[in-house]
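Owing to the predicted nature of the structure, the values given are computational and were not obtained by experimental measurement. So that the names make sense, note that chain A is the first sequence line, chain B the second, and so on, each numbered from 1.
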Amino acid sequence: MDLIDIIKDSYYIMQKDLLGLRRNHTSLAALILLPIAFLLMFGFIFPGANTQEHIPVGMVDLDNGSASNAFVAQIDTMNKNSGAMNIENFSSVEAAKTQINRGNLYGTFIIPPGFSDNLTNGKSANVIVYVDNSNPQVSAQIESTASNTITGLNGMQAQINVLKMGSTTNKTMNTQAIVFPFTQNIETAIPGKTNYFNFLAPGLMIMIVMITVMTGIPEAISKEKEMGTFDGMLSAPINQVSIILGYTASLCVKGFSQCILVLVIAIIFFGVTIQGSIILAFFLLLLGIFSFVGIGILAVAASKDQATGTTIVNLIMFPMMFLAGIFYPIQQMPWFMQDISKIIPLTYAADAMRKVMLLNANINDVLIQILILLVFGLVTMGIAIPLFRKSMTT
Amino acid sequence: MVEYALEVNKLTKKFGNFTAVNDLSLNVKQNEIFGFLGPNGAGKSTTIRMLCTLAKPTSGSAKIAGYDLIKDPSKVRQKIGLVAEKMIMYEDLTAAENLRFFGKIYKMPKKKREERIDQLLNLVDMEKWKDTQISKFSTGMKQRINVIRALLPEPEILFMDEPTLGLDPQTTFAIREIIRDINNKGVTVILTTHAMTEAELLSDHIAIIDHGEVAALDTPQNLKNILYKSDTSIFTTKIMNLTHNMIEKVRSLNVVTALAQQDDQNLKISARGAGSLNQIIDAIRVEGGDIFSITNSNESTLEDVFLTVTGKEIRDHATDKSNILQHSTPQSRVR
Ligand SMILES: Nc1ncnc2c1ncn2[C@@H]1O[C@H](COP(=O)(O)OP(=O)(O)OP(=O)(O)O)[C@@H](O)[C@H]1O
Ligand SMILES: [Mg+2]
C-alpha cells in the first residue's frame, strides 16, 4: 500500500515536472541541443586515424628515372583508392620544406638522384620521407603510406626477381608464396566498415544520460527549495522518497529522449550501425542511471544551495566522463588511470552498452557489468537516501 | 474530538548557537483564529515551520490535531494546510495544473478534486484565469491561488505566514474574508502578521512573541486592557523642530519603554512610572525642542501593546536580551 502510494506520488511529480518542461521553451531547447552539440563536438575533435583525407603532401623527384616513375605511379594508385593525400610536385627539396614550415604541407617524399641507377646496379634504392611530426597522427599516416608503397614495390620487384631465377633453373614457382609466405585475412567482430562514431555513440548515450540526471537532481531540488515549493510537497502527506523517485523518473524521460536523438543522428549522419538489442541497451541505460543517481542525491543532501550542489556534481562527473573510456579506449590510458576507471560505474555502463550495441552481446555476456552497476547503485543509494531525508528537515 | 487544535510544549529551535525559538509553550483551541505577532526575527516563521513538520525541533514537543509532531508527522501532514512566507506554486504551470498537482498528492478523488478546484477558484474570483500560467499573474492573483491551494485538501488547521504581505487593500480584504469564512466552517487558523489591525480584527487570541519566547498572550481586548490597567501611559507629542538628538534623548530615559517616530514632527512614546511625563518634557526642552502639543491617550491600540511588550529597539538579530521588558510582562498571560 505504502509502496503503491510512493509510486503514484512519484508519477505525479514526474508528470508535473515534464509539464513544466513543455512550457519552458528554453529548457526544452537546451535539452535537445546538448546531445547534438556533444555528438558534433566530440565527433570532430577525436577523429579516428583513418578518417583523415586530402592531406597536402609534396613530391620531389630528383631522379626522374624509370624506378622513380614506378614509385610515383604506385603512390598515385594507392592514393586514388583512399584519397588520403593531395600530392603536389616540387622541383627542389628547399621549395617543399619551405611549404612545410609555412604549414601548407604536412610532409614530402624525396626521391634522391641516382635512385633508378642504384636499383639497376643491384643496390637498394632509398626514398626519403620528410614529415612534419608536430602532428603525430598525420605524420604517422604519411609514413604508413610510404611504407605501404615501398612494401608493394618491393613485392612486385621480388616477384619479378623470383620469376627470373625460376626461368634460369626451369622450375615453375608460386612467386606469391615465395615472396609473401605469410598473409593475413582480417575478420572483424563488427561486420562492415566501422568508424569512430561506432565506438563513441554507446558511451555518449550513457554519458548524456548521466549528465542529465546528475546535474538535474540538484538543480531540480534546489530550485524547489529556493522557490519555496518544496515546502508544499514536504508538508503534504507524501513519502520523501517519492520526490527523489519522481524527479529521477522525469530526468530519465529527458535523458532517454536525448539518447534516442543521439542514436538517430549517429545512424543517419554518421553511419553508425547497431548490431545488438536496443531494449537491452535501454535497460543498461536505466541501470546506469540507478548506479550513479545516488551520487547526485548525495550532492543535494550535502549542499545548501544550487551552486554548491552543481559544483559538487561537476567535480565528480568530469573525471568520470574522461576516465570511463567514453572517448578513447581505457587500454590506451596509463595504468594508474586504468585503476581509477575501474571504480567508476560509468566505465562498466559504457562498456556494457558498447558490447551490446556493437557486438550483439546478450545479457549473459554483460552479467558482470550488470552486477557491478547494481551493487554500486545499492550502496550509493543506501547512503544517499537516509542523508537526503535528514537534510530535508533542518 | 480533541479540545486543542495545537498543544505546544517547550518547543525549542537552535541554529548553531543561536536560539530562534526558546521553550515556547502555548495552546490553541479548536476553531480559533490565533494571531501570532512579533518583531522581525522573533521566531514566528520558524515556529510555524516546526509545526508543519518542515523543521526539526531541537527539543520540546507539540500535538497537532491530537497527533504528536515528532512521532506521527505523516498524520499531522494530513490535517494541516500551509500558506508559507514564500508562495508554494510552480510558475511554469497554470493555476489549475498547480491545484491539480497538489490535489493528487493529497490523494483527492478526481471528481471531488475538480469540483473543489472550480469552487475555490470561484471563491477568489479567479475562474477566468484557471488555465493561465502562474508566471503571468500579479502578486495579488498569485496569492489568491496560493491561499486556495492550501485550502484544497480541506485541512483542519491552516497555518498562514503573513498571507497579506504586499497585497493591495482589496485583495487583503478578500483574503481576510476567506479566513473568516473558513473559520466559520470549523477550520482553526494560525495567522502571523505585522498588520496590527488585521490581527485585532480576526484573532480570538493573540500571542506576541519576542526572541523566540511568548511575551504576551491573551484576547486582543485583554491585551489592550493591560496597558490601561498598568502604570504605563502612551503619549503622542508634536514637536515643531524635532531632531534626531531629541529622539535619542527621550529614548534613553529609563521611564520610556517604547518609542516610535510617526512622521517629521510626531512621536509616540510609551512610558511607565510616576513623573514620566515631566521627564519626557524636560528631555525635549533640554535639546531645545518646541513642543506644540502632547496628549495622553488612554485608549491604547494593539500596536502600543506590541511596542510596550517587545521594547524600543529595532530588531533583527540585535539579540541583546538584557533589558527586555520583563517587568512589563502582563499578569494576565494564560498558561
Ligand atoms: N535556516 C536558518 N539558519 C539560521 N538561522 C535561521 C534560519 N532560519 C531562521 N533563522 C533565524 O531565526 C530567527 C527567527 O527567524 P524567523 O524567520 O522565524 O523570524 P520571523 O518571526 O518569522 O520574522 P519575520 O517577521 O521577519 O518573518 C531569525 O533571527 C533568523 O535569522
Ligand atoms: Mg517570518
Heavy-atom count check: over 12 atoms from other residues, nucleotides or ligands less than 6.0 Å from Lys254(A) NZ? yes
Less than 4.5 Å apart, any side-chain heavy atom of Lys104(B) and any of Gln15(A)? yes
Distance-minimising heavy-atom pair for Gln78(B) and Pro237(A): CG-CB, 3.6 Å
Give, as side chain, backbone, both or neither, the part of Glu91(B) having an atom under 4.5 angstrom from any heavy atom of chain A. side chain
What's the spacing between Met87(B) CE and Asp231(A) CG if we round to 0.5 Å? 14.0 Å
If I take atom OG from residue Ser242(A) and atom CD1 from residue Ile105(B), how far apart are they, to the nearest 0.5 angstrom? 8.5 Å
Look at Asp9(A) together with Lys107(B) and state whether they make a salt bridge at an N to O cut-off of under 4.0 Å. yes
Charged N to carboxylate O below 4.0 Å: is that the case for Arg23(A) and Glu97(B)? yes
When rounded to the nearest 0.5 angstrom, what distance separates CG in Leu82(B) from OG in Ser235(A)? 5.0 Å
Tyr106(B), OH atom: more than 12 neighbouring heavy atoms under 6.0 Å: yes
Roughly how far, to the nearest 0.5 Å, is the CG atom of Asn239(A) from the OG atom of Ser74(B)? 9.0 Å
Within this structure, what is the CD1-CZ distance for the pair Ile88(B) and Phe230(A), rounded to the nearest 0.5 Å? 12.0 Å
Can you tell which of Thr94(B), Leu93(B), Asn98(B) has the highest number of heavy-atom pairs within less than 4.5 Å of chain A? Leu93(B)
Counting only heavy atoms not in Lys142(B), do more than 12 fall under 6.0 Å of its NZ? yes
Run Phe101(B) and Met233(A) through side-chain contact (heavy atoms from CB on, under 4.5 Å) and show every step you take. CA-CA 10 Å; Phe101(B) 168 66; Met233(A) 282 206 263; 4.0 Å; yes
For Phe102(B), is it the side chain, the backbone, both, or neither that has a heavy atom closer than 4.5 Å to a heavy atom of chain A? side chain
N/O donor-acceptor pair under 3.5 Å between Lys86(B) side chain and Glu226(A) backbone: yes
Which residue, Met227(A), Lys223(A), Glu224(A), forms the side-chain contact (heavy atoms from CB on, under 4.5 Å) with Tyr90(B)? Glu224(A)
For Ile13(A), is it the side chain, the backbone, both, or neither that has a heavy atom closer than 4.5 Å to a heavy atom of chain B? both
Residues Arg22(A), Asp92(B): salt bridge by 4.0 Å N-O rule: no
